[in-house]
Colleague: 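Would you mind keeping the following structure in view while I ask a few things?
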Amino acid sequence: MNMVLERAKSAWLLAFGDVVTLLITFFIMTIAMNKGEISKIEKWVDLQITESYQVLENEAKKQKLEVITVKRTARGVLLTIQSDNAFQSGQFSPTPQLQTELRVISKLLAKTPLLNIEQSEDNRLVIQKANEEGLIWHSEIVIEGHTDNDHIDPRSRLRNNFFLSTLRAQAVMEALYEQSGLPASLFSVSGYGEWHPIVANDTEQDKRLNRRVNILIRANFQNNQAW
C-alpha cells in the first residue's frame, strides 16, 4: 500500500513539474514575442525620426541657413541656434536673420513626418496596433535655452542668465508656434542659463558655443498607464 502511495505521489509530482515547465516555457515565449514586437516598434520609430531629419537637413542646406543647424541625435532631431547673429548681446528678441530662418523652419515643421504621423494609412495601422498593446504615440518640440557664464548687466531687467535663456527659448517657441500652425500642446520651453555648457567657458570661442537655443523634435510610444 505504501509503495502504491509513493508511486502515486511521484506521478503527481512529475505531472505537476511538467505543467510548471510548460508554463515557464509559455511565459518565456510570450516575453520573447513581446520583445520582438517592441523591437519592431522601436525600429519603426527610428525610421520616422531619420526620415524627418533628412527632410529638415536637406531643406536647411537648400535654403542655406546660417544660424540654425540640423543634427540627428539619439534624442531625436536637434536644431541648434548658435550664432552671434541670432540674438543681440544680452537680449532675447531674434535678429532679422534668425526671424527669417525661423520662418523657413516653421514651414518645414508643418510638413515634418514625425509631427504628421497619422497622415499615412500605413502609419495609422502601426499606431492602432500599438494602441491595442497599451501604447500611445507622443511627439513634441522641446525648446531649450542656454547661455555662457558671463554675468548679466545689473542694470538689465533680465536679472540673470536663467531668465535670459528662458526668454530666448520662449521667443523661438512663439515664432515657431505662430508660423507653423502646429498645436500648442506640441511645444514646451526650458531655460538652463549657464548650467548645461557643452564646453568650459574658458575662452570667448567656447562661450559662443555655449550660447545657444536647442529645438529638439522627438517622438515615441509611451505606456498608456503613464497618462
Colleague: With sequence neighbours excluded, tell me which residues meet side-chain contact (heavy atoms from CB on, under 4.5 Å) with D153.
Modeller: R155, S156

Colleague: State, yes or no, whether a side-chain contact exists between V55 and S52 at a heavy-atom distance under 4.5 Å.
Modeller: no

Colleague: Can you tell me which residue pairs pass the salt bridge (charged side-chain N to carboxylate O under 4.0 Å, His left out) test with a partner in residues 83-97, sequence neighbours excluded?
Modeller: D84-R208, D84-R211

Colleague: Could you report the tightest heavy-atom contact between V45 and N220, atom names first, then the distance?
Modeller: CG2-OD1, 4.0 Å

Colleague: Tell me if a side-chain donor or acceptor on Q99 pairs with a main-chain N or O of P94 at a distance below 3.5 Å.
Modeller: yes

Colleague: Nearest 0.5 angstrom please: I81 CD1 to I143 CD1, how far?
Modeller: 8.0 Å

Colleague: Will you find, in the side chains of R168 and S165, an N or O donor that is under 3.5 Å from an N or O acceptor?
Modeller: no

Colleague: Set out, in order, the CA-CA distance, both residues' side-chain angles and the distance that settles side-chain contact (heavy atoms from CB on, under 4.5 Å) for N214 and L79, then state yes or no.
Modeller: CA-CA 6 Å; N214 290 335; L79 289 75; over 6 Å; no

Colleague: By side-chain contact (heavy atoms from CB on, under 4.5 Å), which residues pair with S93, not counting sequence neighbours?
Modeller: none

Colleague: Please report the closest heavy-atom contact between A169 and V189, naming both atoms and the distance.
Modeller: CB-CG1, 3.6 Å

Colleague: Would L65 and I105 count as a side-chain contact (heavy atoms from CB on, under 4.5 Å) here? Give the steps.
Modeller: CA-CA 10 Å; L65 301 186; I105 294 299; 3.8 Å; yes

Colleague: Could you list the residues that satisfy side-chain hydrogen bond (donor to acceptor under 3.5 Å, both in side chains) with Q97, not counting sequence neighbours?
Modeller: E101

Colleague: Linking directly or through intermediates, with side-chain heavy atoms under 4.5 Å: list the remaining ILVMFWY members grouped with F162, chain and number order.
Modeller: F163

Colleague: Just how far is it from atom NE2 of H151 to atom CG of N160, taken to the nearest 0.5 Å?
Modeller: 11.0 Å

Colleague: Any chance you could measure N123, atom CG, to E118, atom CD, to the nearest 0.5 Å?
Modeller: 8.5 Å

Colleague: Considering only heavy atoms from C-beta outward, does the side chain of I68 approach that of L102 to under 4.5 Å?
Modeller: yes

Colleague: How far apart are the C-alpha atoms of L135 and K129, what are their side-chain angles, what is the distance that settles it, and do they pass the side-chain contact (heavy atoms from CB on, under 4.5 Å) test?
Modeller: CA-CA 9 Å; L135 301 173; K129 178 65 176 176; over 6 Å; no

Colleague: With a 4.5 Å cut-off on side-chain heavy atoms, are T112 and L56 touching?
Modeller: yes

Colleague: Could you tell me which residues satisfy side-chain contact (heavy atoms from CB on, under 4.5 Å) with I198, sequence neighbours excluded, listed by chain and number?
Modeller: Q82, L209, N210, R212

Colleague: Just wondering, do I127 and I117 contact through their side chains at under 4.5 Å, heavy atoms?
Modeller: yes

Colleague: Could you pull out all residues at least two apart from N85 that satisfy side-chain contact (heavy atoms from CB on, under 4.5 Å)?
Modeller: V67, S83

Colleague: Would you say the side chain of L186 lies within less than 4.5 Å of the side chain of S139, judging by non-hydrogen atoms?
Modeller: yes

Colleague: If you compare all heavy atoms of V172 against all heavy atoms of V213, which two are closest, and at what distance to 0.1 Å?
Modeller: CG2-CG1, 4.1 Å

Colleague: Applying ring-ring contact (aromatic ring centres under 6.0 Å, His included), which residue pairs with at least one partner in residues 195-219 are found, sequence neighbours left out?
Modeller: Y192-H196

Colleague: Once ring-ring contact (aromatic ring centres under 6.0 Å, His included) is applied, what residue pairs with a partner in residues 43-94 remain, sequence neighbours excluded?
Modeller: W44-W137, W44-F221

Colleague: Do L182 and L176 sit in one hydrophobic cluster, given that two such residues count as connected whenever their side-chain heavy atoms are within less than 4.5 Å of each other, even indirectly?
Modeller: yes

Colleague: Holding to side-chain hydrogen bond (donor to acceptor under 3.5 Å, both in side chains), I want the full list of residues that pass it with D46, two or more places apart in sequence or in another chain.
Modeller: R72

Colleague: Does N161 use its side chain to pair, donor to acceptor, with the backbone of E194 at less than 3.5 Å?
Modeller: no

Colleague: Side chains of L216 and I141: closer than 4.5 Å at any heavy-atom pair?
Modeller: no

Colleague: What distance do L115 atom CG and E140 atom CD have between them, rounded to the nearest 0.5 Å?
Modeller: 10.5 Å

Colleague: Kindly determine whether T100 and R103 satisfy side-chain hydrogen bond (donor to acceptor under 3.5 Å, both in side chains), including the steps that lead there.
Modeller: CA-CA 5 Å; T100 297; R103 283 194 290 271; 3.3 Å; yes

Colleague: Heavy atoms only: give me the nearest V70-A60 pair and the separation to one decimal.
Modeller: CG2-CB, 3.9 Å

Colleague: As an exercise, state the distance from NZ of K62 to CD of E57, rounded to the nearest 0.5 Å.
Modeller: 12.5 Å

Colleague: Taking E133 first and then K40, would you say they form a salt bridge - that is, a charged N and a carboxylate O separated by under 4.0 Å?
Modeller: no

Colleague: The criterion is side-chain hydrogen bond (donor to acceptor under 3.5 Å, both in side chains); which residues satisfy it with T69, sequence neighbours excluded?
Modeller: none

Colleague: Considering only NZ, NE, NH1 and NH2 on the basic side and carboxylate oxygens on the acidic side, decide whether E204 and K207 come within less than 4.0 Å.
Modeller: no

Colleague: Which residue pairs pass the side chain to side chain donor-acceptor pair (under 3.5 Å) test with at least one member in residues 174-188, sequence neighbours excluded?
Modeller: Q170-E174

Colleague: Just verifying a value: how many Å separate S190 OG and M173 CE, rounded to the nearest 0.5 Å?
Modeller: 11.0 Å

Colleague: If hydrophobic clusters are built by linking Ile, Leu, Val, Met, Phe, Trp and Tyr wherever their side-chain heavy atoms come under 4.5 Å apart, do L108 and V77 end up in the same one?
Modeller: yes

